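What you are looking at is a predicted structure, and each value in this text was computed from that prediction instead of being measured. First listed ligand is number 1; within each ligand, the first listed atom is number 1.
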Amino acid sequence: MSRLAALLVLIASQTVALAQQGDVARGQQVFRVCATCHSLEPNRNMTGPSLAELWDRKAGGLASFERYSDALKSSGIIWDDRSLDTWLTDPDRMVPDNAMPFEGIKERRDRADLLAFLKDATKPGAAPAVAAQSGMGGMVGGGMMGGGRVPNLREPQASERVTRIAHCRDTYRVTTADGKTHAFWERNLRLKTDSSKDGPQSDSPAIIPAGMMGDRADVIFASPEEISKKIETRC
Ligand code: HEC
């Protein structure tokens, strides 16, 4: 083989290797669609299970996640490069009746990049570094944009800390620690709980806006028992 031919072969094989490796930075962008449901921190579960330490884990096997479908739990899958690529191509095809509300990623390159990112980011001990580097840990406007995290309600601002809730006919009036009172049509106020360490302290529910128009909000309590205790019927 001439030296030129040898060089071309070398370049070609490196290009293939690179393509297979996937682009971690691009993969991190692709991960944004997952981050609304999945965190990379161990046992920080949201809509979906934490993806920390995913490789070699049994599907449906994270003990701290309460909401796996029977289909995923009994699938017998072990997560690795190959099974994850198949899952992310078309979850419903791989595991019919699974509970992940996600249609899949059709572009092979997007999946390769995502998996390159995830493989690094889910290694034991990797999450804090990834979060810091990408600014993922931070609250963006109190929301979870680009997320991996829901807003922490332990230390809410005065404008978020609910001091009183009154219900009258079809309206809730929510008073916050900054002295303001907001009125909501009862169908537009959602009452939720967060019993995790990110949730509000007991007897100190928090209100966060939901939707764009300011007409909807969530009030989040530490436990279900608090909900009706906190709401007075008063006109
Ligand atoms: C709308 C929420 C949502 C989105 C978006 C989402 N997932 Fe999921 N994911 C879930 C839920 C819920 C489950 C549990 C499914 C079940 O039990 O059947 C899950 C399960 C998984 C699992 C199996 C984990 C385990 O412990 O067995 C993996 C891996 C996964 N998702 C990766 C991803 C990736 C990567 C993305 C982005 C491309 C993504 N998911 C997007 C909600 C979501």
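Here the protein heavy atom with the shortest distance to atom 3 (C) of ligand 1 is Cys37 SG, 2.7 Å. The protein heavy-atom contact nearest to atom 34 (C) of ligand 1 is Cys34 SG, 3.5 Å. Among all protein heavy atoms, the one lying closest to atom 29 (C) of ligand 1 is Leu84 CD2, 3.6 Å. For atom 22 (C) of ligand 1, the closest non-hydrogen atom of the protein is Trp87 NE1, 3.6 Å. Counting protein heavy atoms only, atom 5 (C) of ligand 1 is closest to Val33 O, 3.3 Å.
Within 6.0 Å of NZ in Lys106 there are more than 12 heavy atoms belonging to other residues, nucleotides or ligands. Enclosure of atom CZ in Arg169 is not indicated, since only 12 or fewer non-hydrogen atoms of other residues, nucleotides or ligands lie within 6.0 angstrom. Annotation for Arg93: atom CZ does not count as buried by contact number, only 12 or fewer foreign heavy atoms lying within 6.0 Å. Under a cut-off of 6.0 angstrom, the local environment of CZ in Arg173 is sparse, with at most 12 non-hydrogen atoms contributed by other residues, nucleotides or ligands.
Checking Thr193 against Ser223 by side-chain atom types alone, no donor-acceptor pair falls below 3.5 Å. Side chain to side chain, His167 and Glu232 fail the donor-acceptor criterion of an N or O pair below 3.5 Å. Judged purely by distance below 3.5 Å, without hydrogens or angles, the side chains of Asn45 and Ser64 pair a donor atom with an acceptor atom. Counted by atom type alone, Asp178 and Thr176 present one or more donor-acceptor pairs between their side chains at under 3.5 Å. When only modelled atom types and interatomic distance are considered, Asn98 and Trp87 share no side-chain donor-acceptor pair under 3.5 Å.
Looking only at distances, a side-chain donor or acceptor of Arg111 sits under 3.5 Å from a matching main-chain atom of Ile105. Proximity of a side-chain donor or acceptor of His38 to a complementary backbone N or O of Pro49 within less than 3.5 Å is detected. Counting only distance, with no hydrogens or angles, the side chain of Gln29 and the backbone of Arg26 share no donor-acceptor pair below 3.5 Å. In this structure, the side chain of Tyr172 does not engage the main chain of His182 through any donor-acceptor pair within 3.5 Å.
Close contacts of ligand 1 with Arg57, meaning ligand atoms under 4.0 Å from a residue heavy atom, involve 25 (C), 26 (O). Numbered from 1 in the order shown, with element, the atoms of ligand 1 that lie under 4.0 Å from a heavy atom of Ala99 read 12 (C), 15 (C), 16 (C), 18 (O). Near Phe102, meaning under 4.0 Å from any of its heavy atoms, are these atoms of ligand 1: 5 (C), 38 (C), 41 (C). The ligand atoms of ligand 1 that sit less than 4.0 angstrom from a heavy atom of Asn98 are 18 (O). Every atom of ligand 1 with a heavy atom of Pro101 under 4.0 Å away is listed here by number and element: 1 (C), 2 (C), 42 (C). Atoms of ligand 1 lying under 4.0 Å from at least one heavy atom of Ile105, given by number and element, are 38 (C).
Only the side chain of Trp79 comes within 4.0 Å of ligand 1, counting heavy atoms alone; its backbone N, CA, C and O stay farther away. Proximity of Tyr68 to ligand 1, defined as any heavy-atom pair under 4.0 Å, is shared by backbone and side chain alike. Only the side chain of Pro49 comes within contact range of ligand 1, with a heavy atom under 4.0 Å; no backbone atom does. Contacts between Leu88 and ligand 1 below 4.0 angstrom, taking non-hydrogen atoms only, involve the side chain exclusively. Of all the heavy atoms of Val95, none lies under 4.0 Å from any atom of ligand 1, so neither backbone nor side chain is involved. Counting heavy atoms under 4.0 Å from ligand 1, residue Leu72 touches it through the side chain alone.
When Glu53, Arg111, Met100 are checked for heavy-atom proximity to atom 21 (C) of ligand 1, Met100 turns out nearest. Nearest-residue assignment for atom 17 (O) of ligand 1 (options Gly27, Ser50, Pro91, Ser69; heavy-atom criterion): Ser69.
Distance check for His38 against atom 8 (Fe) of ligand 1: an N/O/S atom falls below 2.8 Å.
For a threshold of 3.5 Å applied to N or O pairs, the pair formed by Thr47 and ligand 1 contains no separation below that value. Considering both main-chain and side-chain atoms, Gly60 comes within under 3.5 Å of ligand 1 through a nitrogen or oxygen pair.
In this structure, Asp97 falls outside the shell of residues with a heavy atom less than 4.0 angstrom from ligand 1. The closest approach between any non-hydrogen atom of Leu54 and ligand 1 is below 4.0 Å.
Ionic pairing of Asp170 and Arg187 is not present here: no N-O contact between side-chain nitrogen and carboxylate oxygen is shorter than 4.0 angstrom.
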